[in-house]
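Everything below concerns the one structure shown next.
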Amino acid sequence: MPAAPVPGIATARPVRLHQACVRVGGVSLALSGPCSDDVRLSCESEVFQNFDENPDIEVQIEWVEKLQRWRGNPVFDSGALWTLFRYGREFVFDFNSPAFGLLPYKRLRTSTEFRSAQLILSREALRNYRPIFPLEYPADELLITNYLASGVGVEVHGCGLVDPDRGGYLFLGHSGAGKSTTARLWETFRAPKILSDDRIILRLHEGELWMYGTPWHGEAAFAAAGKAKLNRIHILRHGTENRFSSLPQARAVGEVFARCFPPFHSPAGVERTVEFIKRALDAVPCYEFQFVPDGSSAAAVLGFYE
Amino acid sequence: MSKERLENSTFQLLAGDLIAGGYGLRFQAKGRSMVPTIQDGEIVHIKPIASDMLRIGDIVLLRRGEDFKAHRIIRKRGPLFITRGDAGVGNDGEIRCDQILGKVIAKEVIGSSRLVRLDRFAARLSFFTSEARRRASFLVRSRRKHRNRPAERY
């Protein structure tokens, strides 16, 4: 016989949280919110969906009517969409855009380890903005790169591809160095799986260097949720001929660091990132690759042996 | 000539002819440099505009080398423009008038037929104000740092 409800005590209705989970660079990030729209993922991120019972990062979505500017001196101003503040043991990222007026449209509050976060969205700013992807760039990238800066990995500015016969190749380069061009050339001549033409995550597993695709693609729009073991790293430069130059480790660390995304607001995070790069370059050699932007560059890489 | 360069050259010729003829054009934006104003994959509408009508805060379609970008004007330096993506950290360098193909006036929202105007005065004012605030904040921090620096000894 079922128990009768006790008069005077309202029956608590459990709040059903909607969830979505992505895995980028081996880091699982779970998003939860009171309605399904709160956990909507962009097309690029949907490819990276991967449920994890114990995610590395948990993000709770909340809505407020309006966000006011965070008071206090910023720790770091990206010069673009976000500004970082410190509040006790929390980091606070405020996101501003001319599209939404002068007040923040989104705020990310995270623990210092970037294991848990609250993503607060402004109803007023986002009223006419649909669809909403709460984890939309750069929030997702900020969470994952700051998590990696604990010493477990690094995001690099690079094109990563997996040749069907020869395995993984990584080409690092600043904007305009030829990453998207490289991706397109290899696609034409070798039909590889291209993990990304702009952002790659590096991780170490038992002394081996692995690269992971990310949703944050470049102009050629390549993004795939895959990974591959690396045997070497290439630093791209434009050239009149295809040529490889071995880089001594000290210089290689600097070249890779110049093409990565460390947390500049955190000296400790920067130090751990440099240490990670050193360990990565203990595992694989690094070459400067001066390349000609045609099919001969792919052939040169495939034909190159240490 | 690579396929990519051929496509860009073709687009440049076509866009140039259309704009010169007083016609607008639509093209699909790729990348994240203008999020959240313009999402990756959204169709943007371009209209011709005389260079002396361009204002700080306007979003323009510009050609830089072999690449085309829809970025925002952040400064003017005489006859030259400095542009940057809203989500970008670095600017595009100095852009000449002849590198600007037209002004972005609207976008088609992904997954719907909704057209959103991107040339409203409110958005330009918001950009102008936030840039002014950012530069003022930078100046204050720089001066504070300079005041706190210990005097150099010779």
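This structure is a prediction, so every number in the text was calculated from the model and none was measured. Side chains are part of it too, since the values below use all heavy atoms of this structure and drop only hydrogens, waters and symmetry mates. Proteins come first, then strands; the chains are lettered A, B, ... in the order of their sequence lines, and each starts at number 1.
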Taking every non-hydrogen atom, the tightest pair across B:R114 and A:N128: NH1-O, 3.3 Å
Residue A:R86 excluded, over 12 heavy atoms near CZ under 6.0 Å: yes
B:R72 versus chain A, the contacting section by heavy-atom distance below 4.5 Å: side chain
Heavy-atom pair of closest approach, residues B:G88 and A:A80: O-CB, 3.1 Å
Between B:R120, B:R64, B:Q39, B:K30, the one whose heavy-atom pairs under 4.5 Å with chain A are most numerous: B:Q39
Heavy-atom proximity to chain B below 4.5 Å, by part of A:Y105: side chain
Distance-minimising heavy-atom pair for A:F100 and B:P36: CE1-CG, 3.4 Å
Residue part contacting chain A, namely of B:R84, when any heavy atom lies under 4.5 Å: side chain
Contact class of B:V109 relative to chain A, heavy atoms under 4.5 angstrom: side chain
Distance-minimising heavy-atom pair for B:R32 and A:W216: NH1-C, 2.8 Å
Atom group of A:N96 that falls short of 4.5 Å from chain B, counting heavy atoms: neither
Max heavy-atom pair count under 4.5 Å with chain B, selected residue of A:G101, A:P98, A:S78: A:P98
